[in-house]
Trainee: 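There's a structure below that I have some questions on.
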Amino acid sequence: MKKVYLDSASTTAIRPEVIQEMTKVMAEDFGNPSSTHSFGRNAKNILELSRKSIAKQLNSTAQEIIFTSCGTEANNWILRSAVKDLKVKRIITSKIEHHAVLYTLLALQNEYDIQVDYVAVKPNGEVDITDLVELLSQETKTLVSLMHVNNETGNILDLERVVRICKQHNALFHSDTVQSIGKTEIDLQAIPVDFIVASAHKFHGPKGVGFAFVRKNSGLQPLFFGGEQEKGLRAGTEALHQIAGMAKALELSYTNLKTDRTYISELKSYLISQLEIEFPAFVINGTADGFYNILNVLLPFSEDKTAMILFHLDMKGIAVSRGSACQSGTIKPSHVLAEMLSNEDLKKPSLRISFSHYNTKKDIDLLIEALKSI
Ligand code: PLP
């Protein structure tokens, strides 16, 4: 049976060149970057070249890139330090953020005397910018946390516009860019966002490594304490092979971006056209101009199909998702779709199908065939 992976918003296959780079670092460059001898200096060199390479892709300075263990850690760090150290008293976010943001904010609300406000979300999953402007009229030290590309719907936030609004209102702006880094151009000189985060496994790099972009002179303080790594902002011996792999993966993502984006966009259009033929009553959950590698659809099936649809597809070797990965396999509806759909529609089966350059039209044909047999 041919297996079909259509869940790249959850994680991606590592590129062979990345595996090669990581294997080389593991085999040959095992020094500790903090050691002063030649082994350490060699490791430090790889570390700093990786940082420079990542910074170059995003048009930031190398010192603004801080390596972390994942996107979740980077989100936790920024939000917690903003409250604890930058004395932010109020955070504006939305109910469609990733749990790495939402649950962090709930914890911070319990621990500190902060106000958390949720900007309105339209039925198509778009963040209501007029409501954001209204919320920002309060004179409190505020941080806005809104994700760039939604991991469940693929909806895109206009980063440039939100940055401008935040600047006008003197608010800090953090954006979870885990789904967009490596998949779209981000110029951090042109877009003066304060903080963004990334996770290597979303752009064909290894799991267990990510980074935060922290704009110069932000005043952010560490989450935990120990060694002087990452200028004391993130203690712990750096996972050199992971970091080198991440830098390689990001470089390749941007080298191939134009070709991959065109190819993947065509796959998405093909899937939509096939759904229109086979299931004309299907509905896209999200905006019509969503991100090119994610499609979330409400299928015109009865409610009793909801619980078994993923299982049925899995039996046929097809991997898709019902929402973010942590929610797959549970009956609990996605917290993102819950903000967008009626109670009635929420009970019906919705699928998130997400692509990479490794997919083909054949994969989509197999998905459509499998859906027809349900
Ligand atoms: N933020 C978004 C938007 C994501 O999609 C994910 C991954 O699912 C994360 C954060 C968490 O990233 P990581 O798996 O690196 O902790």
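These numbers were taken from a predicted model, which means no experiment stands behind them. Atoms within a ligand are numbered from 1 in the order they appear, just like the ligands themselves. What's counted below: heavy atoms across the whole structure, side chains too, no hydrogens, waters or symmetry copies.
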Trainee: Just distances here: any N/O of Gly71 and N/O of ligand 1 closer than 3.5 Å?
Mentor: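 Yes, Gly71 has an N/O under 3.5 Å of an N/O on ligand 1.
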
Trainee: Could you tell me whether ligand 1 has any atom less than 4.0 Å away from a heavy atom of Lys207?
Mentor: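 Under 4.0 Å: no for Lys207.
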
Trainee: What residues form a side-chain contact (heavy atoms from CB on, under 4.5 Å) with Ser137, not counting sequence neighbours?
Mentor: none

Trainee: Would you mind running through ligand 1 and noting each atom that sits below 4.0 Å from a heavy atom of Cys70?
Mentor: 13 (P), 15 (O), 16 (O)

Trainee: Considering His98, Met147, His148, Glu97 one by one, which has a heavy atom nearer to atom 4 (C) of ligand 1 than any of the others?
Mentor: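 It is His98 that holds the nearest heavy atom.
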
Trainee: If the contact criterion is a heavy-atom separation under 4.0 Å, does His201 count as touching ligand 1?
Mentor: yes

Trainee: When you check the gap from the basic side-chain N to the acidic O, do Arg261 and Glu185 get nearer than 4.0 Å?
Mentor: yes

Trainee: What pairs with Tyr263 under ring pair (Phe, Tyr, Trp, His ring centres under 6.0 Å), at least two apart in sequence or on another chain?
Mentor: none

Trainee: Can you list the atoms of ligand 1 that are under 4.0 Å from a heavy atom of Ser199?
Mentor: 13 (P), 15 (O)

Trainee: Heavy atoms only, cut-off 4.0 Å: how does Thr72 contact ligand 1, side chain, backbone, both, or neither?
Mentor: both

Trainee: Test salt bridge (charged side-chain N to carboxylate O under 4.0 Å, His left out) on Lys372 and Glu278; report intermediate values, then the result.
Mentor: CA-CA 8 Å; Lys372 278 162 70 179; Glu278 302 296 344; 3.6 Å; yes

Trainee: Do Lys362 and Asp365 meet the salt-bridge criterion of a basic N to acidic O distance under 4.0 Å?
Mentor: no

Trainee: I'd like to know if the side chain of Asn256 reaches the main chain of Leu252, judged simply by a donor and an acceptor atom lying under 3.5 Å from each other, with no hydrogens or angles considered.
Mentor: yes

Trainee: Test your reading of the structure: does Lys202 have an N or O sitting under 3.5 Å from an N or O of ligand 1?
Mentor: yes

